[in-house]
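The next block holds one structure in the form of structure tokens; read it before the comments.
Convention: sequence-line order gives letters A, B, ...; per-chain numbering from 1. Reckoned from all heavy atoms, side chains included, excluding hydrogens, waters and symmetry mates. Since the model is a prediction, treat every value here as computed from it, not as a measurement.
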Amino acid sequence: MDREIEKNYDPKNLEFKWYKHWKENNCFKANKKNEKVFSIIMPPPNVTGKLHMGHALDIMCQDVIVRHKRMSGFNTLWIPGTDHAGIATQAKVEKKIFKEEKKTKHDLGREEFLKRIWDWKEEYGSEIINQLQQLGASCDWDYLTFTMDKTPNRAVRKVFTQLYNEGLIYKDKRIINWDTVLQSAISDAEVEYKEIKGKFYHIHYKVEGSDEVLEVATTRPETLYGDTAVAVNPKDPRFKKLIGKYAIIPICERVVPIIGDSYVDMELGTGCLKVTPGHDFNDFDIGKRHDLEVINILNPNGSLNSHAKAVEGLNANEARKKTVEILKEKELLVDVKEHKHQVAHGERSDSIIEPMVSTQWFLNVKDMAKKSYQSVKKGKMDFVPKQWENTFFSWMGEPRDWCLSRQLWWGHRIPVYQCNSCEYEFAFEAEPSECPKCQAHQLSQDPDVLDTWFSSGLWPLSTLGWPNKEEMEEKGFDTYFPNSMLVTGFDIIFFWVARMSMMSLKLMEKPPFKDVYIHGLVRDKQGRKMSKSLGNGIDPIDLINQYGCDAMRFTLANGCGHNRGFNLDPRLIESSRNFMNKIWNAFRFISPFLRRKVGNYSISTKGIDVPTKWILTELNFTARKMNKHLDDYRFDEAASTVYSFVYDKFCSWYLELSKPILYSDDKALVKERANILRFLFEELLKLLHPISPFITEEIWSYFYEEESIISQKYPVFKDQYQFEDDHEKMDHFIELVTQIRNLRASVGLKPKEKIEVQFFTDDKRTADFIYENRHYLDQLAQVKKGNIHKKEAGRPGKSTMSTTSLVETFIPLEGLIDIDIEIIRLEKQIDKTKKELEKVEKKISNSNFMDRAPEEVVIEVKMKAKDFSAKLEALEKNLISLK
RNA sequence: GGGCCCUUAGCUCAGUUGGUUAGAGCGCUACCUUGACAUGGUAGAGGUCAGAGAUUCGAAUUCUCUAGGGCCCACCA
């Protein structure tokens, strides 16, 4: 060691230092020589956004897997990217410009406004990259792709054109979800329903040419200006006879037909439905069936237009109030009932969504969805945990056509053109110079842009250069597509996973990934979703600043089990930070004994002692478990496995047992032990590295200055480190030490006070082992003298005792022992042992158990019975002698 | 209405093919400034595994029902 390690563990400096180092030294590059391939794409965060805990979890999962695969000899590629996030970004910049300059996008014009967004993207787009790097993401930055880069744009245009020419993309005037704030269409997936307390208004509609009235129930009286029919169920005896007659809509006095349609539920409301095809999905369908007129009564901002003269210019709420007032005056409002109902809100804008009829571009997804469905059913793409495939199926089962167009400016503009002279309409992959039909040069492009998820859907392809042949070659498309896996949250299974799956199957005839790992949601410590409105969000960057990224990642991994999100209490991170500190100090302890040594080396297992054989065996178990858990995406199990090895096995026992050796005068022995400690330390660093990359690299650098831990081989189970017998011996020894410590504590002996102990055992191996390791007993339990007797020997008088199956341990305590307390303690133990014994004996006396249980279980139970009764006997004898 | 998940120690959670003395971290209690670490050490207390029933020699684990909680989809004039 020529460098000395800092006294205090300070994650901040070393984390920053190492990320920079890794990046500059191309440590995240795929090793193309490796035969096994692992590839994965990062779900692209919004380019101008800020990372939240969900991202931190997402990145942690991916990075752990990626680092593990890389260390396990895979040709590993992780592709980073950022998303233009159409609506979110445009809305943000629009707001900013209005705030600062009091100008709308229309004041600036399309070209200037887009320039402003690009400027904003250039200015703030790198922030998200910085944050990803602070999380330690070991992705290949040369692959960094933005969804509006040239290649993704080409992919979008190519695919749109193909689907257009196949007739799958079509323009249609139909009812869509209209966001009244964004003033754009949005897709079904972007609509969120919230329960709102509303009212049921019962209104009388007069039947033309008679005194009869129809009582219509509605939650939205203000839409009556758009009514073009009143519908009843054709089987309804109450209203059957009215079908074919006409009703008069109140206020606007329009005469509309009374129609029969089986959609109408006779039980619901009054059994009489006002039909507003312009502003209700079901009514639109009814209108289609009956060829009804569609009247649009709303302006793009959601206010009422001139079709609703009486309330023109008012917003929906005001219009409702006023309409109700007018109805009251006319005595047509007959009843008002409280009613809870679901109201559509925009997922992004949180504004009210109005169903509105409008001309939009749609993608017919029926066949694509069917194929996606099948590919998961047939196991070509697996969800982990498996139950998430249900979510996928529920979306793919009966998909509505995807509304692709958005009335925005920021995004991929729809590549459809119309010839100004002959009006021919066509989609074109490249920028067209003339009309393919009449060769005129004056062309108008469709003003709308595509849903963000259209380009996201092509992400697994476009990030690998598709459809540009040269770029695909350069980026290794054939090697890395399809991806090995995807890591994401369940909230975007519809938005994203579904779309990627459909697109990839359509274009490549392969699903885009083998595995789709779905992690849970990070919530606050009370289990509430983190949200702006609750103000309970935790900023991962704050946590990193406070505790270090390694500790945060470790905490996230530790809490990331299957089937569950998790509730993040910052105090948990504190304990991970303490774990990092533990490792730091363990290294600080051993480092003075180490000699700097270049190159790989191995340790000899010849002549090593039992604790060393034990720790090597533990290392073996740990390596095996880590590989399994990481392969199974069990981040929680992996974290606790490595924690237990480092903390409970290595630090608490092996390091403690190494102290007398390291402080001894036998130089050869010191050297040998130091060598083994170094080996173990290197192994544990490698084991932990995928989860906590920075501290492991920092310590690694004290061993090897030139080589990064990133490219080391991940530990695996090795037969030469497996010593099962010695492992068992050592476990017995640990049990013995713990027992003595327990006895000492129970009689209130001072920690430093040396004691004498009497052991009673008939097991020769145990006796030998205690004898050979008596110096450890001194060190670990302050036993200055230990006598080993056969069980037939007499027990000491006033003493405290305890027993395992093999050995009885007595601490003679002349004058020190409080007999009453000792009796209580023994009685408690006897009680417990009796209960266990009874349990086991009951099994043995049950002939059904003896006949039917497998042999090894029977043997085990018999062994237990023997152990328990021996233990009980010893305890009872001692109790009698005390009394 | 359809579907998924959850209920285990005071708190957050493990417990993967049924057989464990049901585990961990945090918190709590007692003792300890022992030469890696007080961001520490040692020991300990704390659970009739939501409830009922069924299957089984044997259930925290499988099945059914009940209660409570969370989420998704569809729909409600």
Side-chain angles (χ1 to χ4, degrees), chain A residues 5 7-9 193 200-201 216-220 231 263-265 268-276 280-283 339-342 385 387-388 390-391 393-395 397-398 490-491 493-494 520-521 523 525 527 529 547 551 555 558-559 561-569 571-572 574-592 632 634 636-637 640 643-644 648 651-652 655-656 659 663 738 741-746 748-752 780-782 832-833 835-836 839-840 843 846-854 856-858 860-861 864 868:
Chain A
I5 186 165
K7 187 159 194 297
N8 293 310
Y9 165 56
Y193 288 89
F200 238 141
Y201 300 90
V216 171
T218 178
T219 53
R220 303 200 56 190
Y263 168 76
V264 180
D265 185 339
L268 209 61
T270 58
C272 206
L273 175 70
K274 65 191 269 305
V275 183
T276 323
D280 183 283
F281 283 88
N282 292 308
D283 292 6
H339 180 64
K340 273 187 207 158
H341 60 132
Q342 306 284 323
Q387 82 258 10
W388 289 111
N390 287 316
T391 306
F393 290 149
S394 81
W395 179 256
E398 244 178 299
F490 60 81
D491 47 332
I493 291 177
F494 301 150
L521 215 61
R523 300 164 192 282
K525 64 176 174 185
K529 214 167 165 169
Y547 301 104
T555 307
N558 205 25
H562 280 191
N563 301 334
R564 182 188 291 274
F566 76 98
N567 305 349
L568 184 70
D569 185 338
R571 276 187 306 183
L572 295 174
E574 214 174 293
S575 95
S576 302
R577 191 268 322 266
N578 296 351
F579 177 50
M580 299 302 145
N581 185 61
K582 187 84 182 171
I583 295 171
W584 188 262
N585 281 293
F587 179 67
R588 238 162 44 83
F589 169 64
I590 64 166
S591 66
D632 292 344
R634 287 303 303 258
D636 55 340
E637 297 280 7
S640 53
Y643 182 95
S644 154
D648 304 335
C651 291
S652 293
L655 223 46
E656 290 304 324
K659 280 178 181 175
Y663 289 135
T738 308
R741 285 170 172 173
N742 180 344
L743 286 175
R744 295 180 56 109
S746 72
L749 281 167
K750 291 283 160 208
K752 275 182 176 167
L780 296 170
Q782 310 296 323
K832 204 177 154 190
T833 312
K835 272 185 190 152
E836 293 300 337
K839 231 177 168 174
V840 181
K843 278 187 183 176
N846 181 342
S847 61
N848 273 327
F849 171 78
M850 297 303 277
D851 293 348
R852 299 190 199 189
E856 70 261 25
V857 174
V858 174
E860 208 186 308
V861 167
K864 266 187 206 163
F868 285 136

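With RNA chain B read from its 5' end, the first of the two nearest nucleotides for A:V216 and A:K832 is the one closest to A:K832. Residue A:D569 is the one, among A:M850 and A:D569, whose nearest nucleotide of RNA chain B lies closer to the 5' end (criterion: closest heavy atom).
If you take CG of A:D636 and C1' of B:G23, they are 13 Å apart, rounded to a whole angstrom. Rounded to an integer number of Å, the gap from CG of A:D632 to C1' of B:A14 is 15 Å. Atom CG of A:N558 and atom P of B:A14 are 11 Å apart (whole Å). The interatomic distance linking A:R523 (CZ) with B:C6 (P) rounds to 14 Å, in whole Å. In this structure, the NZ atom of A:K839 is 11 Å from the C1' atom of B:U48, given to the nearest Å. Look at CD on A:E574: it is 10 Å from C1' on B:C26, rounded to the nearest Å. Distance, A:Y547 OH to B:U39 P: 13 Å, rounded to whole Å. One can place CG of A:L572 at 13 Å from P of B:A14, the figure rounded to the nearest angstrom.
Pairing for B:A54 goes to B:U62, judged as Watson-Crick or G-U wobble with the two contacts each under 3.5 Å. Pairing of B:C49, defined by two Watson-Crick or G-U wobble distances under 3.5 Å, is not identified with any nucleotide. In this structure, B:G1 and B:C73 make a Watson-Crick or G-U wobble pair, each of the two defining distances being under 3.5 angstrom. Across all strands shown, B:G10 is found opposite B:C26 as a Watson-Crick or G-U wobble partner, with both distances under 3.5 Å. As the counterpart of B:U33, no nucleotide is assigned, since no Watson-Crick or G-U wobble pattern has both distances under 3.5 Å.
With both ends at atom P, the span from B:A54 to B:U12 equals 33 Å, rounded to whole Å. For B:G1 and B:C13, the P atoms lie 29 Å apart once the distance is rounded to whole Å. Only the P atoms considered, B:U62 is 11 Å distant from B:G19, to the nearest whole Å. Across the P atoms, B:C6 and B:U42 are found 35 Å apart, a figure rounded to whole Å. Spacing between B:A50 and B:A74 at atom P, rounded to whole Å, works out to 33 Å. Between the P atoms of B:A43 and B:U55, the separation comes to 45 Å (whole Å). The separation of B:A30 from B:A45, taken at their C1' atoms, amounts to 10 Å, rounded to a whole angstrom. To the nearest whole angstrom, the two C1' atoms, one in B:U48 and one in B:A9, are 14 Å apart.
Taking all atoms of both residues into account, the shortest heavy-atom contact from A:V275 to A:A231 is CG2-CB, 3.6 Å.
Nucleic acid contact for A:K843: sugar-phosphate only, since backbone atoms but no base atoms lie under 4.0 Å from a heavy atom of the residue. Nucleic acid contact for A:T218: sugar-phosphate only, since backbone atoms but no base atoms lie under 4.0 Å from a heavy atom of the residue. Within 4.0 Å (heavy atoms only), A:V264 reaches at least one base atom of the nucleic acid. At a threshold of 4.0 angstrom between heavy atoms, the contacts of A:F393 with the nucleic acid are absent. Residue A:S746 is out of contact with every strand shown, counting any heavy-atom pair closer than 4.0 Å. At a threshold of 4.0 angstrom between heavy atoms, the contacts of A:D265 include nucleobase atoms, whether or not backbone atoms are also involved. Here A:S394 lies out of heavy-atom contact (under 4.0 Å) with every strand.
Contact annotation: A:K864 side-chain N/O to B:U21 OP1/OP2 distance is under 4.0 Å. Regarding contacts with the backbone of B:C31, every side-chain N or O of A:K750 stays at 4.0 angstrom or more from both OP1 and OP2. One finds a side-chain N or O of A:R741 lying less than 4.0 angstrom from the OP1 or OP2 phosphate oxygen of B:A43. Dashed line: the shortest gap from a side-chain N or O of A:N848 to OP1 or OP2 of B:G58 is not under 4.0 Å. For the pair A:N742 and B:G44, the criterion of a side-chain N or O lying under 4.0 Å from OP1 or OP2 is met. For the OP1/OP2 pair of B:A14 and a distance below 4.0 Å, the side-chain nitrogens and oxygens of A:Y643 include no atom meeting the criterion. For A:R634 and B:G15, the shortest distance from a side-chain N or O to OP1 or OP2 is below 4.0 Å.
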**Complete:** Per-nt protein contacts along nucleotides 33-38 of chain B (heavy atom under 4.0 Å; B base, S backbone sugar-phosphate only, - none) come out as -SBBB-
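With A:F589 as the aromatic partner, A:K659 meets the cation-pi criteria of under 6.0 angstrom to the ring centre and within 45 degrees of the ring axis.
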**Prompt:** Checking side chain to side chain contact (heavy atoms under 4.5 Å, CB included) for the pair A:Y643/A:S576: CA distance, chi angles, key distance, verdict?
**Reply:** CA-CA 9 Å; A:Y643 182 95; A:S576 302; over 6 Å; no
**Request:** Quick one: do A:K752 and A:Q782 satisfy side chain to side chain contact (heavy atoms under 4.5 Å, CB included)? Show the steps, please.
**Result:** CA-CA 7 Å; A:K752 275 182 176 167; A:Q782 310 296 323; 5.5 Å; no
**Message:** Applying side chain to side chain contact (heavy atoms under 4.5 Å, CB included) to A:E574 and A:T555, what does each step give before you reach the verdict?
**Reply:** CA-CA 9 Å; A:E574 214 174 293; A:T555 307; over 6 Å; no
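Proximity of A:N282 to A:Y263: side-chain heavy atoms (C-beta onward) are separated by under 4.5 Å at one or more points. At least one side-chain heavy atom of A:V857 sits under 4.5 Å from a side-chain heavy atom of A:F849.
Remark: the backbone N or O of A:R571 is not paired with any side-chain donor or acceptor of A:S575 at under 3.5 angstrom. Without hydrogens or angle criteria, A:R588 side chain to A:N8 main chain gives no donor-acceptor distance under 3.5 Å.
Atom CG of A:N578 and atom CH2 of A:W584 lie 15.5 Å apart (nearest 0.5 Å).
Relative to the side chain of A:N578, the nucleotides B:C75, B:U16, B:U39 differ in distance, and B:U39 lies closest. With B:A14, B:U21, B:G3 as the candidates, the nucleotide lying closest to the side chain of A:N390 is B:G3. Counting only heavy atoms from C-beta on, A:T391 has its side chain closest to B:C72 among B:C76, B:A43, B:C72.
Aromatic ring orientation, A:F490 versus A:W388: parallel (interplanar angle below 30°, classes split at 30° and 60°).
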